[in-house]
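Working notes, beginning with the structure itself.
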There are 2 protein chains.
Amino acid sequence: MGQDLPVTSFALLGLFTFGDDDGPRSLTGYELKQVADATLRFYWVSPAMSQVYKELSRLAERGLVSPSDDERGTTYSITSAGRSALETWMRESEPGFSVLKHPIALRLLLGHLVDPSTTLAMLRNHLEALDREREALVEVRESLRGADAPRQTFRHPSLVADWGLEYFAHERLIIDDLIRRIDQDE
Amino acid sequence: MGQDLPVTSFALLGLFTFGDDDGPRSLTGYELKQVADATLRFYWVSPAMSQVYKELSRLAERGLVSPSDDERGTTYSITSAGRSALETWMRESEPGFSVLKHPIALRLLLGHLVDPSTTLAMLRNHLEALDREREALVEVRESLRGADAPRQTFRHPSLVADWGLEYFAHERLIIDDLIRRIDQDE
DNA sequence: AGACTAGTGTTCCACTTAGGAATAGACGAG
DNA sequence: CTCGTCTATTCCTAAGTGGAACACTAGTCT
C-alpha cells in the first residue's frame, strides 16, 4: 500500500491522535492549521493553509482520515487504517537527521561583509525574537499541565516542549556569548 | 533592481566571498555544492545539485556572478555587483526566525503510539547520529584554525562553527536526559 | 439599522524548492 | 581494457509556499 507519504503528512495525521477526553478528535482544515501552528511549528513546520487542505484530501483518499460534514464545515478524524499507518511509520521508517534553517547563523557567517555594529544589532534583535518564541512555547507547555504525567495523554508533548524550552534557553546563552566575543574583537 | 532573491541564493553567493589567499574564489557548480555540503548544511540547507545549478544561472543572469569556461568546466566568481547586492541584503533585509525540522522531536511527540522501547531505541540512535554530525563539524572547525582570529578571513565562520558545536553538545545532554526520563516512566 | 472589522472555512493558482534519476566524460585500479 | 568513482550538468516530478478570492458569522461602532 502507499505508505510512502512525506513526513508532513504523518505529522498532520499524528495531530488527530491526541483525543480529547471524549473520544477521537475531529477537526476542520482550519482548526488543524491552528493546532499545527501552535505545536508543530516549533520542531517541524507550519504548513500553509493550502498545504493542510491538500494533505487532508490526500489522507482522505487513502482512507487514513474520514471526512464528515457537520455545522462547522468539513471535519476529519483519523481512521483505524490511519492509526495503524502511523504506527507502522513510527516503527519502520528511518527518522533521518534534523535540518536547521537559521538565518541568524547564516548572516553571522557572512559577518565580514558588514561592520560589527550591524552584526551586534542583529544578534540583539535575535535575543528579543527568541524571548517571544520562548514565551509562546511556555504557553503551550502550561496548557499541557494536568495531563503530563508518565502515562497521560500529554506526556510526550510535554517532553518535547521541555526540550524546546531548554533549546531556547541555551541558544540565549550562546548568543549572549557571541555578542560578548564580537564586542571584544572591536 | 531585482534584489528579491530567496535566502538560499544569497547563502550560495556568500560562499564566493571567502577568497583564498590568492584572490577571489572561482567555483564550478559541483565545487559549490561541495562547499555548501561542508558548511551551509549545518545551519541552512544542503541544496540539491539541481538547485545549485539553477541558482548559478539565475545569479549569472542578474550579473551577481560571472561565468567563465576553463578546463574544469564552467566556473563562476562573484562580481562587484554581487558583492554589493550581498551587503545590501545583509544590512537592509529582515533575517526572520529560524525553522527547525527535527524528525526526532516529531516522533517523540507521537511517542504514545509505540512502546517506550521503540522510542528509547530511536533516541539512542539519535545520540550516535549526533556524534557523527558533531565529528564532521569538528573537522570543519579545525580547518579554520590559523585564520580564525578577530580580523581574519575565517573569524565569522569559526564563530558559527563554535555555536554549532555548542548546539550539538547541548542537544546531547537533552537527549540523555530524555532517555533517563522515559526509562524511569516505565 | 447599516457599515465595518475580525474570525472561520475553503479553493485555486502560480511559483519556488527539493530529490532523484539520467547522462557523459575523465581517471585511476585491477 | 573494463569497472567503479569522481566531476559536471540537465531534466522531470513532487512538495511546499503565498497570496488572492470568495462566503458566511458575529460582534462593534456610529
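From a predicted model like this one, the values you see are computed outputs, not experimental measurements. Hydrogens, waters and symmetry mates play no part in the numbers below; they use all other heavy atoms, side chains included. A note on names: the letters A, B, ... follow the listed sequences, proteins ahead of strands, and every chain is numbered from 1.
Nucleotide C:dT10 holds its P atom 8 Å from the CD atom of A:Glu31, rounded to whole Å. Nucleotide C:dA18 holds its C1' atom 14 Å from the CH2 atom of B:Trp44, rounded to whole Å. In this structure, the CG atom of B:Leu56 is 14 Å from the P atom of C:dT17, given to the nearest Å. For the pair B:Met49 CE and D:dT7 C1', the computed distance is 10 Å after rounding to whole Å. The CD-C1' distance, from A:Glu71 to C:dT10, rounds to 17 Å in whole Å. Remark: C1' of D:dT9 and NZ of B:Lys33 are 14 Å apart, rounded to the nearest angstrom. Distance, B:Leu32 CG to D:dT9 P: 11 Å, rounded to whole Å. Separating the CD atom of A:Gln51 from the C1' atom of C:dC13 is a distance of 14 Å, rounded to the nearest angstrom.
Within the structure, every side-chain polar atom (N or O) of B:Tyr30 is placed at least 4.0 Å from both OP1 and OP2 of D:dA8. Look at A:Thr28 and you won't find any side-chain N or O under 4.0 angstrom from OP1 or OP2 of C:dT8. Distances shorter than 4.0 Å separate none of the side-chain N or O atoms of A:Tyr53 from OP1 or OP2 on C:dT11. Checking the phosphate oxygens (OP1, OP2) of C:dA18, no side-chain nitrogen or oxygen of B:Arg41 falls inside 4.0 Å.
A:Arg132 places a side-chain heavy atom less than 4.5 Å from the side chain of A:Glu128.
In this model, no donor atom of one side chain and acceptor atom of the other lie less than 3.5 Å apart for A:Arg107 and A:Thr118. Between the side chains of B:Glu171 and B:His126, at least one donor N or O sits under 3.5 Å from an acceptor N or O.
Listed candidates were D:dA8, D:dT7, C:dA18. Nearest to the side chain of B:Val45 is C:dA18. Checking C:dT17, D:dG19, C:dT8 against the side-chain heavy atoms of A:Gln34 singles out C:dT8 as nearest. Closest approach to the A:Lys54 side chain among C:dA18, C:dG19, D:dT17 is made by D:dT17 (side chain taken as heavy atoms from C-beta onward).
Note on A:Thr74: only backbone sugar-phosphate atoms sit closer than 4.0 angstrom, heavy atoms only; bases stay farther off. Using a 4.0 Å heavy-atom cutoff across all strands shown, A:Pro47 reaches sugar-phosphate atoms only and no base atom.
Once rounded to the nearest 0.5 Å, the distance linking CG of A:Leu110 with NE2 of A:His112 reads 6.0 Å.
Within the 3.5 Å criterion, the main-chain N or O of B:Val114 finds no donor-acceptor partner in the side chain of A:Arg91.
At a cut-off of 3.5 angstrom, counting only N and O atoms as typed in the model, there is a donor on one side and an acceptor on the other between the side-chain of B:Ser50 and the base of C:dG20.
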